[in-house]
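Order of the sequence lines fixes the chain letters, A, B, ..., with proteins taken first and strands second; residue numbering starts at 1 for each chain.
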2 protein chains.
Amino acid sequence: MADRGRPRRFDRENALKSAMVLFWKKGYAGASLSDLTAAMGINSPSLYAAFGSKEALFREALALYGKSESGEIWEPIVTGRTAREAIAGFLHGTAISFTRPGKPAGCLVVLGALHADDAGEAVCGALRDKRVENVAEISERLKRAIAEGELPPSIDCDAIASFYVTVQQGMSIQARDGASRETLLAIADGAMAAWDRLTTAEST
Amino acid sequence: MADRGRPRRFDRENALKSAMVLFWKKGYAGASLSDLTAAMGINSPSLYAAFGSKEALFREALALYGKSESGEIWEPIVTGRTAREAIAGFLHGTAISFTRPGKPAGCLVVLGALHADDAGEAVCGALRDKRVENVAEISERLKRAIAEGELPPSIDCDAIASFYVTVQQGMSIQARDGASRETLLAIADGAMAAWDRLTTAEST
DNA sequence: TGATTTATTTATCGATCAATACAAAAAAGG
DNA sequence: CCTTTTTTGTATTGATCGATAAATAAATCA
């Protein structure tokens with residue numbers, strides 16, 4: 001399909017990446033069409049022909065972000081040999097990823113759209129869904145650790161997952177405020193200082 | 001001054017409070033002049049005559065927020081008899097305050113403006129300054145605890161303060177995502193589970 | 001009373017927002 | 001060649017943004 005007709009003069013993936021970086025830096029509502037077309041090096045009709053709408057472009061940018069930027073953060077959850085290593089790696093990767101030189105600080109999923117009424121209520125909801133998924137993913141990892149006998153069944157997986165995701169989301173704010181990589185790593189260490197107490201069986 | 005002339009027909013403090021709630025709910029950029037005038041029950045010329053500009057109105061709203069809404073959060077830092085009680089009370093008050101029925105979830109200082117280029121770079125900077133102050137305030141409380149002999153001098157006050165403020169800032173995101181008061185309280189408990197380890201002297 | 005002062009209502013202002021109409025340009029099919 | 005298809009650049013569209021101009025209304029002062 002689409003073999004005939006005038007060929008596209010710009011690289012779609014490159015343009016998408018530029019859009020992703022701009023959304024990451026300025027948020028969904030903060031990145032105007034003028035900003036986007038300038039960053040992507042195209043005119044608005046080309047943008048609409050290739051991506052459909054601003055919202056559709058954002059959704060593609062979000063998917064690209066997940067593939068290209070969040071791997072370092074979420075891989076340890078799968079690859080960590082223990083739950084502790086998984087969470088520690090998750091927070092460590094966050095600190096590194098959120099302070100990568102030449103890239104916007106913090107996380108697109110957290111900083112992309114926080115107010116449901118900005119311009120895109122749907123976009124805001126999509127990001128919130130992703131954040132809720134993140135808590136579930138951590139919680140699942142902890143439940144796996146229980147099933148494998150690493151952690152006692154009496155622990156509150158959802159509460160622990162909420163705590164660690166909350167720290168990670170707070171790190172986005174800190175990163176935006178200019179916190180150094182060392183500071184974020186110290187914050188990650190601070191969160192891990194709670195690990196033993198959080199994952200020890202309660203006699204209650 | 002201002003004894004003559006037609007008297008103002010609206011209550012300035014009430015209008016300011018309405019503006020504060022709207023900024024709190026929708027953010028600085030997200031709250032349009034139409035939204036504001038509708039919520040305040042006045043026309044835009046009255047708003048400009050009474051407050052000067054949207055940015056000036058936001059700054060007054062921010063000051064009102066500090067006086068009327070953040071006391072419950074920050075009082076324990078001063079009144080807590082120990083540093084531990086201070087921090088625990090700070091996080092507890094945060095969980096309560098961020099989930100108060102009938103009020104926007106989360107914190108105006110965190111959610112008000114995160115992208116420096118929204119509409120008000122100055123507003124974004126003002127909020128960032130407030131957040132940086134918050135870290136310093138926690139750190140000072142910890143240093144006081146060292147001076148009073150409660151905590152060992154070898155602890156890293158700035159790192160501990162950054163950790164607890166990060167958790168608190170993450171709680172704004174969680175609250176916006178619909179986390180219950182119980183969940184936020186559990187997150188606060190999770191953060192306090194790190195206390196002993198964070199405040200014990202390191203032999204290094 | 002009339003003059004002065006301030007707030008109000010109405011009706012905008014220019015700028016910018018996201019999104020398109022339109023016609024010229026660049027390719028393939030016949 | 002001519003037709004078809006798709007992209008391009010240019011110029012706008014109506015809506016909304018933050019902010020005001022102008023005229024009227026309601027108070028005090030002389």
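One finds no salt bridge joining A:Arg100 and A:Glu69 here, because no Lys/Arg side-chain nitrogen approaches an Asp/Glu carboxylate oxygen to under 4.0 Å.
The minimum heavy-atom distance between A:Pro104 and A:Val21, with the atom names listed, is CG-O, 3.9 Å. In this structure, B:Gly190 and A:Leu198 approach most closely via the heavy-atom pair CA-CD2, 3.8 Å. When every heavy atom of A:Pro76 is checked against every heavy atom of A:Gly71, the shortest pair comes out as CD-O, 4.3 Å.
Ring-plane geometry between A:Trp195 and A:Tyr164 is classed as tilted, the angle between the planes lying from 30 to 60 degrees on a 0 to 90 degree scale.
Of all nucleotides listed (C:dT8, D:dG9, D:dA19), C:dT8 comes nearest to the side chain of B:Ser46.
Straight-line distance from the CG atom of A:Leu36 to the C1' atom of C:dA19: 13 Å, rounded to whole Å. To the nearest angstrom, P of C:dT8 lies 11 Å from CZ of B:Phe51. Taking atom CG of A:Leu33 as the reference point, atom C1' of C:dA15 lies 16 Å away to the nearest angstrom. Atom CZ in A:Arg8 sits roughly 16 Å away from atom C1' in D:dG9 (whole-Å rounding). Between B:Phe23 atom CZ and D:dG18 atom C1' the separation is 11 Å, expressed in whole Å. With rounding to whole Å, B:Lys26 atom NZ is found 10 Å from D:dG18 atom P. In this structure, CD1 of B:Ile42 is placed 9 Å from P of C:dT9, rounded to the nearest angstrom. One atom, CG of B:Asp35, and another, P of D:dT16, lie 11 Å apart when rounded to the nearest Å.
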Q: Starting from the C-alpha separation in whole Å, work towards a yes-or-no answer on side chain to side chain contact (heavy atoms under 4.5 Å, CB included) for A:Met40 and A:Leu57.
A: CA-CA 12 Å; A:Met40 300 165 83; A:Leu57 173 62; 4.1 Å; yes
Q: Would you check, one step at a time, whether the test side chain to side chain contact (heavy atoms under 4.5 Å, CB included) holds for A:Lys143 with A:Asp158?
A: CA-CA 9 Å; A:Lys143 285 170 187 162; A:Asp158 288 342; 4.0 Å; yes
Pairs under 3.5 Å (N/O, protein and nucleotides 28-30 of chain C):
from   : atom 1 : to     : atom 2 : distance (Å)
C:dG29 : O4'    : A:Arg4 : NH1    : 3.1

All N/O pairs under 3.5 Å across the protein-nucleotides 20-24 of chain D interface:
from   : atom 1 : to      : atom 2 : distance (Å)
D:dT20 : O4     : B:Ser44 : OG     : 3.0

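The phosphate of C:dT9 has OP1 or OP2 within less than 4.0 Å of a side-chain N or O from B:Asn43. When the side-chain nitrogen and oxygen atoms of B:Ser34 are compared with OP1 and OP2 of D:dT16, none of them lie within a distance under 4.0 Å. The phosphate of C:dT16 has neither OP1 nor OP2 within less than 4.0 Å of any side-chain N or O from A:Ser32. For the pair A:Arg9 and D:dT8, the criterion of a side-chain N or O lying under 4.0 Å from OP1 or OP2 is not met.
For A:Ser172, there are no side chain to side chain donor-acceptor pair (under 3.5 Å) partners at least two apart in sequence or on another chain.
Side-chain atoms of B:Asn43 and B:Ser46 form no donor-acceptor pair, as typed in the model, at a separation below 3.5 Å.
Residue pairs satisfying the side-chain hydrogen bond (donor to acceptor under 3.5 Å, both in side chains) criterion with at least one member in residues 7-20 of chain A, sequence neighbours excluded, are listed as follows: A:Arg12-A:Glu60. Annotation: ring-ring contact (aromatic ring centres under 6.0 Å, His included) contacts involving residues 62-88 of chain B, sequence neighbours excluded, comprise B:Trp24-B:Tyr65, B:Trp74-B:Phe90.
A:Phe23 does not carry A:Lys54 over the face of its six-membered ring by the limits of under 6.0 Å from the centre and within 45° of the normal.
Listed by residue number, the members of residues 10-21 of chain A with any heavy atom below 4.0 angstrom from DNA chain D are A:Phe10.
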